[in-house]
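So the structure is just underneath, and the comments pick up after that.
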Amino acid sequence: MTIKIFNTINRKKEIFRPVKSNSASMYVCGPTVYSHPHIGNARAALVPDILFRLLRRTYQTVTYIRNITDVDDKISDAAFKQNKTVYEISESFIKIYQDNMTSLGILEPTLQPRVTDNMPSIITTIKKILKNGFAYVSDNHVLFDTSKYKEYGKLSKRTLDEMIDGARIEIADYKKSPRDFILWKPSNENQPGWESPWGMGRPGWHIECTAMIKNIIGDDCTLDIHGGGNDLIFPHHENEIAQGSCMSSSKYCNYWFHNGIVLVNKKKMSKSLGNVILLDDLLKNNSSNTLRLALLSAHYRQPLNWSDSTLIESNNLIKKFTSLAKSYTGDISDYDDLDHEVVGILSDDLNTPEVIKYLSELAKGAKTSQRDLACLIVSAKFIGLDLLANNKVLPKSIDEDLIKSLIDERSKARSSGDFKKADEIRDKLLSMGILIKDLEGETVWDYNSD
RNA sequence: GGCUAAGUGGCAGAGUGGUCAUGCAGCGGCCUGCAAAGCCGUCAACGCCGGUUCGAUUCCGACCUUAGCCUCCA
């Protein structure tokens with residue numbers, strides 16, 4: 001199976017050819033652990049999760065690395081504000097992040113390196129860049145000298161002149177050029193710091209990824225795929241390319257893979273707009289299936305506008321699929337090969353909306369064909385939708401025994417012809433948030449999420 | 001202001017040089033005590049202006065609009 005992915009470096013869909021024929025390596029920028037993960041973090045983890053599932057199917061070994069940034073000024077700020085240590089903050093949000101990802105059915109990456117565990121390799125990487133003449137030391141900082149690297153701007157398609165003209169920030173006096181970026185900076189007594197040849201300090205934002213990648217795959221190896229949100233193209237990934245290319249003679253990475261951001265009210269989430277949607281909140285009222293489907297409803301490179309109707313539509317579709325799946329009587333393992341169609345669709349640049357269309361068509365056929373139904377279940381499973389799981393997410397306040405007794409009471413009223421009473425009970429249940437349906441010989445209920 | 005993308009039916013959202021996306025909503029019907037669900041059918045779109053072409057929503061160019069980046073943001 002040939003996999004095609006869109007490569008940001010040349011803005012073209014390309015056939016994926018890994019460096020080694022039977023294995024693939026992928027690195028994705030993971031979370032900075034300073035607050036609760038939001039729906040955007042979920043998309044940034046889910047999109048590579050789908051690619052990981054696809055790569056696993058195709059290659060014998062897949063090394064999927066997703067880092068954890070546990071050194072950052074935002075973490076220090078959070079620690080200061082909450083009167084906690086940096087370690088307490090990062091540990092608690094690492095746990096929340098991992099729990100949220102597990103709840104979403106996102107597979108664990110092969111490796112999840114932390115910045116704090118990689119200080120020696122970060123320092124070694126900076127030393128190599130200095131030794132090769134692409135960085136300079138100034139006022140206890142180490143800075144990358146962008147003027148020395150001719151290809152700078154290749155990924156984001158900007159020239160150095162454009163960037164300098166457009167720069168809004170004041171030029172720090174220790175920089176030769178406003179575009180030079182920090183590899184190492186000094187720490188004061190309130191900030192986490194490590195001993196280095198340039199004094200007590202901490203790494204700049206971009207160097208951690210380069211150091212960890214090279215530490216894992218080897219200095220002279222090329223990474224197959226590097227991913228992240230498309231808001232990281234500049235400056236983060238541009239800077240990574242510069243560092244990675246100047247610390248070793250090998251090409252840094254072959255395929256750049258970026259997902260679009262999640263918008264709320266057509267705007268990027270931000271604390272100042274007050275439109276940040278947290279996963280903890282979403283997971284209270286929505287199943288993992290619903291959230292996954294909603295996040296996959298747009299192509300991964302497009303912006304995804306998040307709204308209530310996104311959730312409602314996904315929930316409706318999932319309900320339809322799961323109620324069909326309940327009627328499956330066979331052994332699903334008989335049909336493991338039935339997912340080759342969905343694999344084919346995903347192989348064309350992860351076209352998840354096309355997969356959803358395909359699932360809808362299977363659902364139509366599934367009413368009369370057990371094979372289509374098995375295919376639906378297996379195909380959904382490939383993108384991490386478990387149609388056989390119990391999908392009901394109920395608020396804790398709902399009393400199931402009360403619901404059952406009201407339904408019994410209504411059934412008696414119906415069979416004795418007292419439809420007025422029956423309808424009153426139905427309305428009462430609806431006001432409790434319970435929707436009932438009279439199926440053949442039986443009344444079923446569900447939480448009314450609309 | 002510069003850079004990078006994107007504009008498709010009421011909404012969401014794929015795709016294609018010439019015949020169907022799909023889902024939700026709507027409309028008509030079947031079913032139902034009535035609903036709901038389900039089923040059958042159905043309406044409806046390619047930002048604007050030029051160009052290439054027998055034919056453009058699709059390719060090319062200008063314009064307009066929107067979003068992201070240029071602020072250590074996924």
Side-chain angles (χ1 to χ4, degrees), chain A residues 8 11 28-32 34 37-48 66 69 71-75 153 155-159 161-170 178-179 181-182 185 203-206 208 227-236 238-239 258-263 266-271 293-294 296-299 301-307 309-310 312-317 319-320 323-324 345 348 351-361 363-364 367 414-415 417-420 422-423 426-427 430 435-440 443-446 448:
Chain A
T8 311
R11 320 268 157 165
V28 170
C29 292
T32 302
Y34 69 105
H38 53 65
I39 189 68
N41 298 115
R43 192 182 198 195
L46 179 57
V47 168
R66 186 180 65 206
T69 298
V71 179
D72 187 278
D73 287 354
K74 289 196 292 289
I75 304 173
L155 179 70
S156 56
K157 290 194 188 276
R158 305 161 195 233
T159 66
D161 289 344
E162 282 164 8
M163 290 184 251
I164 291 165
D165 290 347
R168 289 181 190 170
I169 44 168
E170 283 179 37
R179 275 303 116 211
F181 56 90
I182 292 171
K185 57 187 169 185
W205 176 34
H206 321 291
E208 59 185 65
N230 68 8
D231 50 349
L232 295 181
I233 294 172
F234 188 86
H236 185 51
E238 194 71 64
N239 292 353
H258 291 101
N259 61 274
I261 57 167
V262 178
L263 305 175
K266 311 263 181 187
K267 291 277 181 194
K268 186 173 175 173
M269 279 184 281
S270 71
K271 281 184 182 165
L293 192 69
L296 297 174
S297 65
H299 186 93
R301 280 190 279 120
Q302 296 299 118
L304 174 64
N305 194 37
W306 193 261
S307 67
S309 60
T310 316
I312 291 167
E313 285 190 19
S314 299
N315 192 238
N316 287 343
L317 202 54
K319 273 193 208 161
K320 191 195 255 188
S323 71
L324 279 166
I345 296 168
D348 186 7
N351 195 340
T352 53
E354 195 66 28
V355 170
I356 295 169
K357 173 194 170 180
Y358 172 64
L359 296 179
S360 295
E361 280 166 359
K364 222 170 244 180
K367 282 153 198 157
R414 284 181 74 212
S415 51
D418 187 355
F419 295 120
K420 187 168 176 284
D423 289 351
R426 183 167 62 197
D427 289 344
L430 195 59
L435 190 67
I436 56 171
K437 301 169 195 171
D438 297 324
L439 300 182
E440 293 157 42
T443 299
V444 299
W445 64 274
D446 199 356
N448 182 20

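- Atoms CG (A/N230) and C1' (B/C70) sit 14 Å apart, rounded to a whole Å.
- Of the side-chain N and O atoms in A/K320, one or more sit less than 4.0 angstrom from OP1 or OP2 of B/C24.
- Residues A/P235 and A/S156 each lie close to RNA chain B; by heavy-atom proximity, the contact nearer the 5' end of the strand is made by A/S156.
- Under the side-chain contact (heavy atoms from CB on, under 4.5 Å) criterion, A/K357 pairs with A/E354, A/E361, sequence neighbours left out.
- Put simply, NE2 on A/H258 is 17 Å from C1' on B/A67, counting in whole angstrom units.
- The gap from the C1' atom of B/G61 to that of B/U52 amounts to 11 Å, rounded to the nearest Å.
- Atom CG of A/L435 is separated from atom P of B/A36 by 10 Å (rounded to the nearest Å).
- Across all strands shown, B/C63 pairs with B/G47; the Watson-Crick or G-U wobble distances both stay below 3.5 Å.
- Across all strands, A/I356 comes closer than 4.0 Å to no nucleic acid atom at all (heavy-atom distances).
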At under 4.0 Å between heavy atoms, which parts of nucleotides 9-15 of chain B does protein reach? Answer with one letter per nucleotide, 5' to 3': B base, S sugar-phosphate only, - none. ---SSSS
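- Taking atom C1' on both B/G41 and B/U4, the two are 45 Å apart, rounded to the nearest angstrom.
- Scanning for ring-ring contact (aromatic ring centres under 6.0 Å, His included) contacts around A/H206 gives A/F181, A/H236, with sequence neighbours left out.
- Between the A/N305 side chain and the A/K266 main chain, a donor and an acceptor come within less than 3.5 Å of each other.
- Base pairing of B/C3 is made with B/G68, judged by Watson-Crick or G-U wobble geometry with both donor-acceptor distances under 3.5 Å.
- Between the OH atom of A/Y34 and the C1' atom of B/C72 there is a distance of 10 Å, given to the nearest Å.
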Under the criterion side-chain contact (heavy atoms from CB on, under 4.5 Å), I'd like the reasoning laid out for A/I312 against A/N316: C-alpha separation, chi angles, the key distance, then a yes or no. CA-CA 6 Å; A/I312 291 167; A/N316 287 343; 3.8 Å; yes
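- Here the shortest heavy-atom pairing between A/L232 and A/G228 reads CD1-CA, 4.4 Å.
- If you take atom C1' in B/A74 and the same atom in B/C69, they sit 14 Å apart, rounded to whole Å.
- When all heavy atoms of A/R43 and A/I261 are compared, the pair lying nearest together is NH1-O, 3.2 Å.
- Note that NZ of A/K320 and CG of A/L317 are 6.5 Å apart. Values are rounded to the nearest 0.5 Å.
- Residues satisfying the side-chain contact (heavy atoms from CB on, under 4.5 Å) criterion with A/P37, sequence neighbours excluded, are A/N41, A/I96, A/Y97, A/N100, A/L279.
- Nearest heavy-atom pair across A/S297 and A/A294 is OG-O, 2.8 Å.
- Residues passing the side-chain hydrogen bond (donor to acceptor under 3.5 Å, both in side chains) test with A/R66 are A/Q112, sequence neighbours excluded.
- Checking B/A36, B/C72, B/A74 against every side-chain atom of A/I182, the shortest atom distance belongs to B/C72.
- Counting to the nearest Å, the P atom of B/U71 and the CZ atom of A/F234 are 7 Å from each other.
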Between the protein and nucleotides 31-33 of chain B, are there any N/O to N/O pairs under 3.5 Å, and if so, what are the atom names and distances?
| from | atom 1 | to | atom 2 | distance (Å) |
| --- | --- | --- | --- | --- |
| B/G33 | O6 | A/R414 | NE | 3.2 |
| B/G33 | N1 | A/D423 | OD1 | 3.1 |
| B/G33 | N2 | A/D423 | OD2 | 2.8 |

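- Taking the P atoms as reference points, B/U8 lies 15 Å from B/C59, given to the whole Å.
- Here B/G28 sits opposite B/C40 as a Watson-Crick or G-U wobble pair (both hydrogen-bonding atom distances under 3.5 Å).
- One atom, CG of A/L317, and another, C1' of B/A37, lie 15 Å apart when rounded to the nearest Å.
- Distances shorter than 4.0 Å separate none of the side-chain N or O atoms of A/K157 from OP1 or OP2 on B/A5.
- Pairing partner, B/C11: B/G23, with both Watson-Crick or wobble hydrogen-bond distances short of 3.5 Å.
- The partner of B/G17 cannot be assigned: no Watson-Crick or G-U wobble pair with both contacts below 3.5 Å exists in any strand.
- Comparing the same atom, P, in B/C43 and in B/C27 gives a spacing of 16 Å after rounding to whole Å.
- In this structure, A/E238 places its CD atom 13 Å from P of B/C70, rounding to the nearest Å.
- Taking a pair to require two hydrogen-bonding distances under 3.5 Å in either a Watson-Crick or a G-U wobble arrangement, B/U53 remains unpaired.
- Using atom C1' as the reference point in both B/C20 and B/U42, the two lie 14 Å apart (nearest Å).
- Counting non-hydrogen atoms under 4.0 angstrom, A/V444 reaches nothing in the nucleic acid.
- Contact annotation: the side chain of A/I233 approaches that of A/N230 to within less than 4.5 Å [non-hydrogen atoms, C-beta and beyond].
- B/G47 and B/A12 have their P atoms separated by 14 Å, given to the nearest Å.
- Taking all atoms of both residues into account, the shortest heavy-atom contact from A/A298 to A/P303 is CB-O, 4.5 Å.
- Atom name C1', nucleotides B/G55 and B/U71: the rounded distance is 50 Å, in whole Å.
- At a threshold of 4.0 angstrom between heavy atoms, the contacts of A/D231 include nucleobase atoms, whether or not backbone atoms are also involved.
- Nucleotides of RNA chain B nearest to A/R158 and A/A44 differ in position, and the one nearer the 5' end is that of A/R158.
- Taking atom CD1 of A/I345 as the reference point, atom P of B/U22 lies 14 Å away to the nearest angstrom.
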